[in-house]
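Take a look at the structure below.
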Amino acid sequence: MTDLTFSEWQQRAQALTFEGRAFIDGEYRDAQSAERFDCISPVDGRVLAQVASCGQADADAAVAAARRAFEAGSWSRLAPAKRKKVLIRFSELMLEHAEELALLETLDMGKPIGDSLGIDIPGSANSIRWSAEAIDKVYDEVAPTPHNELGLVTREPVGVVAAIVPWNFPLMMACWKLGPALATGNSVVLKPSEKSPLTAIRVAQLALEAGLPAGVLNVLPGYGHTVGKALALHMDVDTLVFTGSTRTAKQLLVYAGESNMKRIWLEAGGKSPNIVFADAPDLQAAASAAASGIAFNQGEVCTAGSRLLVEASIKERFLPLVVEALKGWKAGNPLDPATNVGALVDTQQMDTVLSYIEAGHAEGATLVTGGKRVLEDTGGTYVEPTIFDGVSNAMKIAQEEIFGPVLSVITFQDAEEAVRIANDTSYGLAAAVWTRDISKAHLTAKALRAGSVWVNQYDGGDMTAPFGGFKQSGNGRDKSLHAFDKYTELKATWIKL
Ligand code: NAD
């Protein structure tokens with residue numbers, strides 16, 4: 001948490017300087033076209049910075065720099081223990097600049113400063129550190145060969161990795177990719193979202209300061225359909241890793257097929273069910289988790305518990321607890337350390353969220369609380385945390401990812417129906433189960449088609465847990481040692497002795 005007051009954060013925000021240029025081959029550069037776009041703060045609508053609008057020429061330059069650095073070997077062939085040292089220094093520098101980075105994140109994206117400083121920046125630094133610390137402790141394999149042969153199964157860096165990331169946890173999603181990509185010896189071209197490019201641009205300089213050779217990490221801000229597409233179609237990008245919407249993820253698969261069949265690893269959307277059985281061990285805890293599961297980060301969370309599945313027999317008792325818990329989540333200026341719900345990332349996202357609230361009304365769901373834009377006079381994009389009751393799983397608000405603080409409450413009669421409703425979605429990112437019956441917990445967890453399942457909590461786990469989706473929530477996994485698989489090719493070397 002932060003010791004600074006609201007007015008101290010506001011003063012620091014006024015004094016902050018912003019770097020909006022791309023970072024290529026170890027230096028900041030304007031886009032070759034010289035084009036820029038306004039980076040607007042959702043806190044109050046002010047223009048924070050002019051950001052380079054990169055295009056094909058910049059993608060070519062960044063990929064060429066990344067390739068040169070990879071071929072030179074000063075990073076890719078460095079001993080893992082030495083790469084570890086540089087990356088740990090990088091993560092320390094992020095922590096040394098935590099206040100500045102947190103401020104950039106909050107101003108750019110709208111999330112509460114307490115979250116930026118307490119979760120996003122330390123979580124980002126920790127994910128770099130975790131991969132760094134692991135990289136000199138993983139071994140390759142020797143195959144079970146006949147006596148006169150030696151079979152080596154080794155992992156090699158893939159080469160040039162393009163990483164395209166979203167705006168909801170801008171630095172954290174970038175670092176979930178950068179940690180394992182860099183630890184395994186690759187060069188990276190990182191494309192942050194046009195809605196939140198500032199922290200990625202800033203940390204490129206910190207990585208250089210930490211000792212990462214020029215060209216190993218490049219950052220290209222710009223619109224996805226221009227520079228993101230250029231990277232996805234690039235013939236010299238070996239692997240593309242992505243976090244973002246399912247719609248974009250599908251397009252990237254097409255681009256890979258149309259170009260060089262680059263490896264594609266996708267972390268996409270979600271519509272996660274949070275299942276509360278009548279025998280939940282602590283209904284108050286379940287209610288608090290249901291509230292934070294939809295209000296944290298303004299609901300702009302891929303794993304948001306946006307479908308609350310409640311056993312019918314406890315609905316009348318449980319829903320008031322959730323409503324009460326949600327009263328503790330109130331939209332306000334995210335620079336105020338007391339705020340726990342900030343601004344939505346931009347007016348476009350706010351309009352999307354409000355249009356889903358309209359759809360909820362139109363389809364006959366019952367508004368229980370919230371439902372409106374608030375604090376309009378600030379020029380910011382704030383929406384109240386919202387609950388709809390009487391939702392059927394077929395409704396648009398239950399099927400589509402809203403990516404805002406809008407909770408749909410759905411009832412079920414028994415475990416079988418709960419699982420059927422929970423799995424009746426094109427997504428499969430996460431799910432939660434609340435019950436004191438250990439067999440029901442395990443059987444339900446097994447039946448849920450989701451990459452993460454939480455029992456008697458919402459959103460548990462740390463860097464040791466692989467994170468990713470079933471179905472149209474993606475493929476591959478971020479975090480844990482499993483993430484290294486995405487950034488390495490397996491080689492079999494068979495030797496006759
Ligand atoms: P998005 O798909 O609109 O954009 C993601 C990134 O892709 C951005 O950098 C964008 O510029 C780029 N992009 C957009 N169109 C492109 C194109 N045609 N070619 C190449 N790049 C393109 O997603 P978003 O709105 O930034 O992020 C929200 C989404 O991210 C939600 O669906 C959320 O669930 C998902 N998300 C998933 C995870 C996860 O780990 N599974 C984590 C966070 C967010």
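One-based numbering, in listed order, for ligands and for the atoms of each.
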Side chains of residues 181-193: which donor-acceptor pairs under 3.5 Å do they make with residues two or more places apart or in other chains?
{"from": "T184", "atom 1": "OG1", "to": "P180", "atom 2": "O", "distance (Å)": "2.6"}
{"from": "T184", "atom 1": "OG1", "to": "A181", "atom 2": "O", "distance (Å)": "3.1"}
{"from": "T184", "atom 1": "OG1", "to": "N186", "atom 2": "ND2", "distance (Å)": "2.9"}
{"from": "N186", "atom 1": "OD1", "to": "V158", "atom 2": "N", "distance (Å)": "2.8"}
{"from": "N186", "atom 1": "OD1", "to": "G159", "atom 2": "N", "distance (Å)": "2.9"}
{"from": "N186", "atom 1": "ND2", "to": "A181", "atom 2": "O", "distance (Å)": "3.0"}
{"from": "N186", "atom 1": "ND2", "to": "Y487", "atom 2": "O", "distance (Å)": "3.1"}
{"from": "S187", "atom 1": "OG", "to": "A66", "atom 2": "O", "distance (Å)": "2.9"}
{"from": "K191", "atom 1": "NZ", "to": "G222", "atom 2": "O", "distance (Å)": "3.0"}
{"from": "S193", "atom 1": "OG", "to": "K195", "atom 2": "N", "distance (Å)": "3.0"}

Item to check | Atom CZ of R449 with >12 non-hydrogen neighbours under 6.0 angstrom | outcome: no
Item to check | E384 bridged to K372 by N-O distance under 4.0 Å | outcome: yes
Identify all pairs of nitrogen or oxygen atoms, one from ligand 1 and one from the protein, separated by less than 3.5 Å, and list them with distances.
{"from": "ligand 1", "atom 1": "2 (O)", "to": "S245", "atom 2": "N", "distance (Å)": "2.9"}
{"from": "ligand 1", "atom 1": "2 (O)", "to": "S245", "atom 2": "OG", "distance (Å)": "2.6"}
{"from": "ligand 1", "atom 1": "2 (O)", "to": "T248", "atom 2": "OG1", "distance (Å)": "2.7"}
{"from": "ligand 1", "atom 1": "9 (O)", "to": "V165", "atom 2": "O", "distance (Å)": "2.8"}
{"from": "ligand 1", "atom 1": "9 (O)", "to": "K191", "atom 2": "NZ", "distance (Å)": "3.1"}
{"from": "ligand 1", "atom 1": "11 (O)", "to": "K191", "atom 2": "NZ", "distance (Å)": "2.9"}
{"from": "ligand 1", "atom 1": "11 (O)", "to": "E194", "atom 2": "OE1", "distance (Å)": "2.6"}
{"from": "ligand 1", "atom 1": "11 (O)", "to": "G224", "atom 2": "N", "distance (Å)": "3.3"}
{"from": "ligand 1", "atom 1": "19 (N)", "to": "G224", "atom 2": "O", "distance (Å)": "3.4"}
{"from": "ligand 1", "atom 1": "21 (N)", "to": "G224", "atom 2": "O", "distance (Å)": "3.4"}
{"from": "ligand 1", "atom 1": "23 (O)", "to": "S245", "atom 2": "N", "distance (Å)": "3.3"}
{"from": "ligand 1", "atom 1": "25 (O)", "to": "W167", "atom 2": "NE1", "distance (Å)": "2.9"}
{"from": "ligand 1", "atom 1": "26 (O)", "to": "W167", "atom 2": "NE1", "distance (Å)": "3.2"}
{"from": "ligand 1", "atom 1": "30 (O)", "to": "G244", "atom 2": "O", "distance (Å)": "3.3"}
{"from": "ligand 1", "atom 1": "32 (O)", "to": "E401", "atom 2": "OE1", "distance (Å)": "2.5"}
{"from": "ligand 1", "atom 1": "34 (O)", "to": "E401", "atom 2": "OE1", "distance (Å)": "3.4"}
{"from": "ligand 1", "atom 1": "34 (O)", "to": "E401", "atom 2": "OE2", "distance (Å)": "2.5"}
{"from": "ligand 1", "atom 1": "41 (N)", "to": "A268", "atom 2": "N", "distance (Å)": "3.4"}
{"from": "ligand 1", "atom 1": "41 (N)", "to": "A268", "atom 2": "O", "distance (Å)": "2.8"}

Checklist entry - If you look only at pairs with a residue in residues 218-228, which of them pass as a salt bridge (Lys or Arg N to Asp or Glu O under 4.0 Å), with sequence neighbours excluded? => result none
Item to check | For F388, all residues meeting ring pair (Phe, Tyr, Trp, His ring centres under 6.0 Å), sequence neighbours excluded | outcome: H361
Item to check | Full working for ring pair (Phe, Tyr, Trp, His ring centres under 6.0 Å) between F169 and W176 | outcome: CA-CA 10 Å; F169 293 92; W176 282 10; 8.0 Å; no
